[in-house]
Amino acid sequence: MYRNLNQKVTLLIETLKNGQFAASIFEFPNFIVVAQTREEAIAQLQATFLERLSHIEAISWNVPLSVSPPTWLQFVGVFQDNGISSNIVVQSPK
C-alpha cells in the first residue's frame, strides 16, 4: 500500500560564469543538473530527482556501537566507607 507523502527540500540555483544555471538539492548533494536557463535547470532537477526516487527505498538501520564505560565510573563509591565523607554535610544557602 502506497501513501502520498510530501517532503520539502531546498533547491539551490547557481548562475555559472558561462551564463548557464546549475541546480542541486541541498539535502541530496549528489543531484546536480546544468541547463541554459534557470527554469530548465529546475525542471530537469525535479524530473531527475523524482525518477531516481522511484528506484530508491529508504530504510533505517540501528548501528551497533561498542561504547566504553565512562572513565570516571571507576571512582564511584571510592570514599563511601572512609568515615570522613559521612561527616560532611552540605547546606544550601537560604
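Since this is a predicted model, take the numbers as computed values, not measurements. Numbers for residues simply follow the sequence, beginning at 1. Scope of the values below: all heavy atoms of this structure, side chains included, with no hydrogens, waters or symmetry mates.
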Within-4.5 Å side-chain heavy-atom neighbours: Leu11 and Ile42: yes
Ring pair (Phe, Tyr, Trp, His ring centres under 6.0 Å) pairs, two or more places apart, involving residues 32-54: Phe28-Phe49, Phe31-Phe49
Closest contact, heavy atoms only, Leu16 versus Ala22: CD2-CB, 4.0 Å
Please tabulate, for the side chains in residues 50-62, all donor-acceptor contacts under 3.5 angstrom to protein atoms that are two or more places apart in sequence or on a different chain.
residue	atom	partner	partner atom	Å
Glu51	OE2	His55	NE2	2.7
Ser54	OG	Glu51	O	2.5

Reported CZ-to-OG1 distance for the pair Phe21 and Thr15, which is rounded to 0.5 angstrom: 4.0 Å
Joint hydrophobic cluster, Leu45 plus Val34, side-chain heavy atoms closer than 4.5 Å: no
Minimum heavy-atom distance between Ala35 and Ala41, given as atom pair plus value: CB-N, 3.5 Å
Residue pairs fulfilling side-chain hydrogen bond (donor to acceptor under 3.5 Å, both in side chains) with at least one residue in residues 20-38, sequence neighbours excluded: Thr10-Glu27, Asn18-Gln20
